[in-house]
Amino acid sequence: MKHIRKAVFPVAGLGTRMLPAAKTVAKEMLTVVDRPLIHYVVAEARAAGIEHFIFVTGRGKGAIEDYFDHHVELEETLKTKGKTGLLNDMLADLPKEGEISYVRQMNPHGLGHAVWCARDIVGDEPFAVILPDMIMDAEPGCTAQMLAAYEQTGGSNIIVVEPCPPGMAHQYGIVALEQQSGRLNKMTGMVEKPPAGTEPSNLFISGRYVLNPEIFAILADKERGAGNEIQLTDAMHKLMKTQAFHALEYDGTTYDCGDKLGWLRANVALALKRDDIKGVRAMIEGLLG
Ligand code: G1P
């Protein structure tokens, strides 16, 4: 069983649910409290021991590259002003040189296509996929829990799932389980965006995966599925004919920042948890009258 060293972050999406901001601000750069969404998921991956971060980017996403780079003028200014705490935090959060790769998804053909674009950088080893829309608040982090499940199952593909809010199954990938006992269960199937009433369970794929590299050969067929896109779920379903898949219900709270309400919820919830930002509760109570 190989160690998981690399994580793929698909960040090419247009973010139409976050317009008008997403017209010029990459949706992954929208802030939750005081840091961009992408910061949370990269921190989660680093805490799990991921050593290489692969961003599948697109047009207008250059700010993500700048965010994970030195800002010499800013660093000098913080140093001169003696703001060493801020400076050290900023530097500590930065992946080291050579730990990040960027590859461009030149056409919006779907999540499966985005992951396939990373094939040469991933190479012939198992890897994680992390969807940045989802902030997973957990200790240990969701990626760490997922990598532990990968080891526990002796190298099975792992998909993180959670109970689907009522009436929402048609918006997600939904998994089918052999039987449900505990948090880690062998899967028997999965379907992307099932029509209402046809979903095989109430567990949806929530944005974290460990996949074996054989997925790339299947994605290379570029078969289209739901929404006429190349779906990662369809490729995983095919891989399941020859490899085991387990669904993990991780222990933590998910904030889906892919739409406005979810993003606001994340801001409020995570601000309430911050010791260094005082008065959030009073501010909310004040607003509610
Ligand atoms: C993608 C996946 C889907 C998953 C969802 C989680 O869908 O294809 O299986 O449930 O992310 O957010 P998308 O949000 O790109 O439609």
Side-chain angles (χ1 to χ4, degrees), residues 7-19 22 26-28 30 32 37-38 40-41 44 56-58 61 105 107-118 128-137 142-143 146 157-177 187 189-196 198-211 215 218-219 222-240 245-250 252-263 265-266:
V8 174
F9 299 83
V11 294
L14 291 175
T16 49
R17 284 180 293 168
M18 295 305 269
L19 284 170
K27 66 174 172 153
E28 299 78 13
L30 291 171
V32 172
L37 269 165
I38 194 74
Y40 290 89
V41 291
E44 178 193 314
V56 183
T57 72
K61 302 284 183 165
Q105 184 185 18
N107 288 291
H109 292 320
L111 179 61
H113 177 251
V115 171
W116 178 76
C117 287
V129 176
I130 297 183
L131 305 189
D133 280 359
M134 300 290 199
I135 295 181
M136 312 294 216
D137 188 22
C142 180
T143 300
M146 176 169 75
N157 297 276
I158 307 286
I159 301 181
V160 174
V161 298
E162 55 194 275
C164 189
M168 300 285 281
H170 64 285
Q171 292 190 17
Y172 293 113
I174 305 291
V175 304
L177 304 181
M187 289 172 50
M190 63 188 110
V191 53
E192 183 66 21
K193 299 187 175 50
T198 67
E199 57 273 14
S201 78
N202 78 328
L203 294 174
F204 79 97
I205 297 172
S206 63
R208 303 285 187 274
Y209 316 73
V210 173
L211 295 172
I215 194 78
I218 299 171
L219 288 169
K222 301 193 176 166
E223 236 172 72
R224 290 183 180 258
N228 197 31
E229 292 188 346
I230 300 166
Q231 295 288 355
L232 183 59
T233 305
D234 295 343
M236 294 190 298
H237 194 214
K238 280 195 184 154
L239 184 57
M240 197 187 249
F245 273 76
H246 283 76
L248 170 71
E249 280 188 77
Y250 85 109
T253 307
T254 298
Y255 298 101
D256 182 351
C257 300
D259 65 24
K260 292 172 193 177
L261 196 60
W263 172 77
R265 178 170 171 266

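What you are looking at is a predicted structure, and each value in this text was computed from that prediction instead of being measured. Any value given below was found using the heavy atoms of this structure, including those in side chains, with hydrogens, waters and symmetry copies removed. Indexing begins at 1, ligand by ligand and atom by atom, following the structure's order.
The line from OG1 of Thr143 to CE of Met136 is 8.0 Å long, rounded to the nearest 0.5 Å. For the atom pair Asn157 CG and Met236 CE, the distance stands at 8.5 Å (nearest 0.5 Å).
Within the 4.5 Å cutoff, the side chain of Pro163 has heavy atoms near those of the Leu203 side chain. Residues Tyr172 and Ile205 form no side-chain contact, since every pair of their non-hydrogen atoms from C-beta on lies 4.5 Å or further apart. When side chains are defined from C-beta on, Leu232 counts as touching Leu211, because their heavy atoms get closer than 4.5 Å. Taking the side chain as every heavy atom from C-beta outward, Tyr250 and Arg208 never approach each other to under 4.5 Å. Counting only heavy atoms from C-beta outward, the side chains of Tyr40 and Asp137 never approach each other to under 4.5 Å.
Within the 4.0 Å heavy-atom shell around ligand 1 one finds Thr233. At least one heavy atom of Leu131 sits less than 4.0 Å from an atom of ligand 1.
Of the possible donor and acceptor atoms, one in the side chain of Asp256 sits under 3.5 Å from a partner among the backbone N and O of Gly258.
Less than 4.0 angstrom separates some heavy atom of Met134 from each of these atoms of ligand 1: 6 (C), 12 (O). Each of the atoms 7 (O), 13 (P), 16 (O) of ligand 1 lies under 4.0 Å from some heavy atom of Lys193. Atoms of ligand 1 lying under 4.0 Å from any heavy atom of Gln231, numbered from 1 in the order shown and given with element: 8 (O).
Within the 4.0 Å cut-off (strictly below), a protein heavy atom is located near atom 9 (O) of ligand 1.
Shortest contact from atom 2 (C) of ligand 1 to any protein heavy atom: Glu192 OE2, 3.6 Å. Ranking protein heavy atoms by distance to atom 4 (C) of ligand 1, first place goes to Ile205 O, 3.2 Å. Distance from atom 1 (C) of ligand 1 to its nearest protein heavy atom, with residue and atom name: Leu111 CD2, 4.1 Å. Of the protein's heavy atoms, Arg17 NH2, 4.5 Å lies nearest to atom 14 (O) of ligand 1.
Close N/O approach between Gly207 and ligand 1 is not found [any backbone or side-chain N/O within under 3.5 Å].
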